[in-house]
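Just so we're clear, the structure is a prediction, and the values are computed from it rather than from any experiment.
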Amino acid sequence: MTSEGHPEHSARLLAPNFITETIERDLKTGRYSQIVTRFPPEPNGYLHLGHVFACSLDFGAALDSGGRYHLRLDDTNPEGESMEYAQGIQDDLHWLGWDWGEHLYYASDYFEQYYQYAEKLIQLGAAYIDSVPGDEMRRLRGTATVAGTPSEYRDRSVAENLDLLRRMRAGEFAEGAHVLRAKIDLGNPNMKLRDPVLYRILHAEHYRSGAKWCIYPMYDFQHPLQDALEGVTHSMCSLEFTDNRAIYDWLMETLGFFPRPHQYEFGRRSLEYTIVSNRKLRRLVQEGVVTGWDDPRMPTLRAQRRLGVTPEAVLTFAAGMGVNKTNRTVDIAVYENAVRGDLNFRAPRVMAVLEPLRLVIENLDETREVQLSYWPHDVVDASADGLVALPGGERVTPELATRAVPLGRELYIEREDFAVTPPRGFKRLTPGGRVRLRGAGIIEAGRFEMDEAGQVQTVYATLQPDSAKASGVIHWVDAASAVPAEFRLYDRLFSVANPEGQENIEEIGDADEVERDAVEQTVEETQNPVNADFLRFLNPGSLRVTHGFVERSVAQGPADTRYQFERQGYFWQDPVDSRPDALIFGRIITLRDAWAGRAGEKATTEKATPERATTEKATPEKPAARATKEKPAVTAPAAQTLTPQQSADVARLTALGVARGEVSLIVTDPRLSAYLAELTGPYAAVVAGWAVNDLGGSVREGHNTLPLSDLTELAELLAGGSISTRIAREALAEASGGGQETPVQIIGRLGLRVVSGSAELERLIGAVMDANPGKVAEYRAGKKGLSGFFTGQVMKASGGQADPQKVAQLLEKLLG
RNA sequence: UGGGGCAUUGUGUAAUGGCAGCACAGCAGUCUUUGGAACUGUUAGUCCAGGUUCGAAUCCUGGUGCCCCAGCCA
């Protein structure tokens, strides 16, 4: 996926959304000749699954529109940033397959240019040095309801401001002594516009620029500037920056950038059972809850990579997500499904026993070898080229994709595949029961030995003729040839769906120290999260380690193969800890397990593992909106007192026949009532309706350009019967779009006329019916809701000119 | 209580005034030498109340709920 050109992806990366639509429009109107986007992570942590969505949007939008994308390391705050993170981010992005070519930028490479723009802003009188302490500045900024007050330094001269800024840069001042602020509007209801800070003093070592700078630009100053400097056209960011857009636009206009970038905001996508807060992830690492940023249970990309998830799976997951302006939390199953779906066609099937139980086949004296296929028939059938992969990746015909597995007298089977007293529906081995050993034949269990604790030690079985019936299939390994291995069985790090959301109440005092049993903590506490702290929702069973065996072939194959251990899940060797003489396999993901859902009937109990079906979802309680269904009617605000003028208007409009709801709306809105002050004549009611319902927003917001006379003229035309309401309103909509024509002129130019002749309408209806025989049948079978569909089709066929009421009448007749 | 943003089945999304569709999850079943995969069927939704319109998830009004903003973080 290179930034420029990118042959094999003719398909779109992104489903159409409000941002891609804007991009297409901007391209079409020539606002930009090429789209340039950027993904701007701050190198103060590693990328995680939450970033993938933003990154796919940024990069995908550019790629889909034939544009170019940049990677930008947004490193303007030296605290917490490092080259390790900057490099890690690039590695992870490359792993995903992104390639920005030479378009790698560091904000810190632009420090000198930012500074020059700061001086320019001062010279324009648009910025000043403020020298009040931080808490004083906060006080002066006011509150949501109280305007801010200017600091005593707000009106310093250009010369003084310039001098101070230069001395700030020279390092003459201590941290906090001065800041550079934009001079915008201290009374603005948007708090972001109350003279935002542009530069601050920080005597800190920057990981790239060292000690060269002791003043650092703030996001609101740096980000728009760098977008402009890089030639970015569409700058996407998440919703919480919506208010910041006002600063963005102010800066671009004040400094006169043209063409200039524009900011668009989208809703974030978070994932159930995971946290994405950098601070919290760091805490998990620091407190040793996990082994590091790449602990396979972490949501970071490097962790998912180590886990064994493929970049394709991650990208598929991201691509499946829609873009809109709502923050949303995605069901973890969507991610898991992407991972499984990818692995199903990628991972050869082999056998491994995670928790071994010794099984002796009493009627088998010598070891034999069975040839087992790496792939089930359905994967073979689904192969496009008829070939399937060997563990090393080589693609061969299905007959060659096999391995020899020894079958000796002594085997290991999964401990949970043998039950002395089986639960209902158990399809595995029981004393006296029969089961198929995958690929090796049917056995019947006989006696078994237990230790003094009641644990089964050995099961004795006999091989049966192939004609025998078996209740199920279990996997196994040959004891003599199997290779011992450690298995790491990962599960969700958190036991509740929304560990961060649970934390919605300030940590209170030291009740933290209350010790709780991990199991009981899940249910009632999540509903009552006093003293909430996300660490309290850790899943104690997020890592389970077992020791068992893998079949011989696995140890002989490549170390980086992802396998499906049949009936257990997808695994691969831990790339960090596994060694040839001490194999360690991590479970990438379980198989879907319909049986697991029936937890109550299950014999083996893994208390530590939260079952998907039963795990507390614990999303914050849906507010009691539904409970207030029978609230008192809110439809009587008319009781408010009206001014004499308003009362007169009410009388006048009512006399003209204007609907009551519209009247009260008109008189209470100054602009609307001014617009309709001259309203008169026989068509007043229609005109008022249009003014309120069709032009409503623009009139009330003061940017309507259509004179009232245009509406009256249109109403006259409508009354004449040559056009339909629909045509009138379409013309209205187009005329209010800002053109020079009146609605009537538009109708004349387009030659719009209502079509109401029965013959012509019947012809149209006939054509629609012929084109949709299935729908006609459905309608006649009773699906009357389809009448709207037919009306719509006829309207479309007539170019919107058919008389809908006539159409409806005729339709009813013709459809029977 | 100032400003801004948002609201479609359990979850994520589509429908740009004309059949409320899709995926995941759920449920039922078929098939199966993986309780996997695949396949079939199915449950379930336009936040509420008005209005405009032949017709509203979509346009208008009012309400409700959730999120963001008062860092010298990004």
Side-chain angles (χ1 to χ4, degrees), chain A residues 15 40 42 44 74 76-77 79-80 134 137-138 141-146 148 175-176 179 188-192 194 197 199-202 216 218-219 223 239-244 265 267 269 272 320-322 324-331 333-334 337 340 344 349 376-379 381-382 425 427-428 436-439 470 472-475 564 566-568 591-596 612-613 617 623 625-626 628-629 631 633-635 637 659 661-662 664-665 689-690 692-694 696-697 725-726 729 775 778 783 785-793 795-796 803-808:
Chain A
E42 182 185 6
N44 65 348
D74 227 0
T76 54
N77 179 7
E79 287 163 354
M137 192 168 116
R138 182 157 47 246
R141 185 148 31 219
T143 68
T145 47
V146 179
E175 288 182 13
V179 292
N188 200 292
N190 177 356
M191 299 294 294
K192 291 284 182 195
R194 320 254 260 227
V197 172
Y199 258 102
R200 57 176 171 156
I201 299 171
L202 213 56
Y216 289 91
M218 306 296 291
Y219 168 87
H223 208 92
L239 242 31
E240 67 266 28
F241 292 97
T242 305
D243 290 346
N244 302 57
E265 308 88 20
R269 294 292 172 275
E272 285 181 345
M321 223 135 297
N324 59 26
K325 299 188 77 163
T326 320
N327 289 326
R328 288 265 153 93
T329 300
V330 177
D331 191 332
V334 176
N337 194 265
R340 281 196 195 99
N344 183 38
R349 273 58 165 177
H377 56 88
D378 53 274
V379 172
D381 294 344
K427 288 165 69 173
R428 312 173 189 179
R436 181 180 291 279
L437 290 179
R438 179 96 228 241
V473 183
I474 66 171
H475 60 274
Q564 183 192 106
E566 293 204 59
R567 305 210 303 131
Q568 288 292 0
L591 259 23
R592 242 179 103 251
D593 187 359
W595 176 246
R612 186 190 342 287
K617 283 254 177 174
R626 310 294 144 101
T628 58
K629 248 204 165 113
K631 61 190 169 209
V634 279
T635 41
E662 283 156 13
S664 62
L665 193 59
W690 286 338
V692 170
N693 293 302
D694 293 84
T725 313
R726 179 192 172 106
R729 297 174 77 205
K775 300 289 189 192
E778 279 181 62
K783 194 175 173 187
L786 246 28
S787 66
F789 163 75
F790 285 112
T791 312
Q793 290 299 308
M795 293 304 293
K796 209 170 282 175
D803 178 345
Q805 288 177 64
K806 263 268 176 53
V807 170

Among the nucleotides [options], which one has an atom lying closest to any side-chain atom of [X]?
{"X": "R141(A)", "options": "rC60(B), rA70(B), rU34(B)", "value": "rA70(B)"}
{"X": "T145(A)", "options": "rU1(B), rU34(B), rU53(B)", "value": "rU1(B)"}
{"X": "R592(A)", "options": "rG71(B), rU13(B), rA37(B)", "value": "rA37(B)"}
{"X": "R269(A)", "options": "rG51(B), rA74(B), rG12(B)", "value": "rG12(B)"}
{"X": "V473(A)", "options": "rG36(B), rC68(B), rU33(B)", "value": "rU33(B)"}
{"X": "K192(A)", "options": "rU34(B), rC69(B), rA56(B)", "value": "rC69(B)"}
{"X": "D378(A)", "options": "rA37(B), rG2(B), rG35(B)", "value": "rA37(B)"}
{"X": "R436(A)", "options": "rA25(B), rC67(B), rU33(B)", "value": "rU33(B)"}

According to a strict under-4.0 Å criterion, is [X] in side-chain N/O contact with OP1 or OP2 of [N]?
{"X": "R567(A)", "N": "rG35(B)", "value": "yes"}
{"X": "N693(A)", "N": "rU53(B)", "value": "no"}
{"X": "T76(A)", "N": "rA74(B)", "value": "yes"}
{"X": "N44(A)", "N": "rA74(B)", "value": "no"}
{"X": "R328(A)", "N": "rU13(B)", "value": "yes"}

Euclidean distance for [atom1], [N] against [M] (whole angstrom):
{"N": "rG2(B)", "M": "rC54(B)", "atom1": "P", "value": "39 Å"}
{"N": "rA20(B)", "M": "rU46(B)", "atom1": "P", "value": "13 Å"}
{"N": "rC72(B)", "M": "rC6(B)", "atom1": "P", "value": "27 Å"}
{"N": "rC19(B)", "M": "rG29(B)", "atom1": "C1'", "value": "28 Å"}
{"N": "rG50(B)", "M": "rC27(B)", "atom1": "P", "value": "38 Å"}
{"N": "rA57(B)", "M": "rG45(B)", "atom1": "C1'", "value": "10 Å"}
{"N": "rG5(B)", "M": "rU11(B)", "atom1": "P", "value": "25 Å"}
{"N": "rC47(B)", "M": "rG65(B)", "atom1": "P", "value": "16 Å"}

Are any side-chain N or O atoms of [X] and backbone N or O atoms of [Y], one a donor and one an acceptor, separated by less than 3.5 Å?
{"X": "R567(A)", "Y": "L591(A)", "answer": "no"}
{"X": "D243(A)", "Y": "M191(A)", "answer": "no"}
{"X": "R194(A)", "Y": "T143(A)", "answer": "yes"}

Exercise for review: Kindly state whether the pair W595(A) / rG35(B) counts as stacked, where counting means centroids closer than 5.5 Å and planes tilted less than 30° apart.
Suggested key: yes
Pick base, sugar-phosphate or nothing for [X], based on heavy-atom distances below 4.0 Å to the nucleic acid.
{"X": "T143(A)", "answer": "base"}
{"X": "V179(A)", "answer": "base"}
{"X": "T791(A)", "answer": "base"}
{"X": "G661(A)", "answer": "nothing"}
{"X": "K325(A)", "answer": "sugar-phosphate"}

Review point. For rG12(B), is chi within 90° of 0 (syn) or not (anti)?
Key: anti
Point to revise | No-hydrogen, no-angle side-chain donor-acceptor test under 3.5 Å, E240(A) and N327(A) | key: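 No pair is found: no donor N or O on one side chain lies under 3.5 Å from an acceptor on the other.
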Look at the side chain of [X] against the base of [N] and say whether a donor-acceptor pair falls under 3.5 Å; ignore hydrogens and angles.
{"X": "R428(A)", "N": "rG35(B)", "answer": "yes"}
{"X": "R729(A)", "N": "rG17(B)", "answer": "yes"}
{"X": "D243(A)", "N": "rG3(B)", "answer": "yes"}

Point to revise | First encountered from the 5' end of RNA chain B, between F241(A) and Q564(A) | key: Q564(A)
Exercise for review: Between P189(A) and H377(A), just flag the one whose closest nucleotide in RNA chain B comes earlier from the 5' side.
Suggested key: P189(A)
Point to revise | Rounded distance (Å) that lies between atom P of rG5(B) and atom CE of M191(A) | key: 17 Å
Review point. Who does rU11(B) pair with, Watson-Crick or G-U, both distances under 3.5 Å?
Key: rA23(B)
Exercise for review: Of all the heavy-atom pairs spanning R428(A) and I474(A), show the shortest one and how long it is.
Suggested key: CB-CG2, 4.2 Å
Review point. What is the minimum heavy-atom distance between L202(A) and Y216(A), and which atoms define it?
Key: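 Scanning both residues, the minimum pair turns out to be O-CE1, 3.4 Å.
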Check your understanding: Distance from Q564(A) atom CD to N344(A) atom CG, nearest 0.5 Å?
Key -> 7.0 Å
Review point. How long is the span from the CD atom in E566(A) to the CD atom in Q568(A), to the nearest 0.5 Å?
Key: 10.5 Å
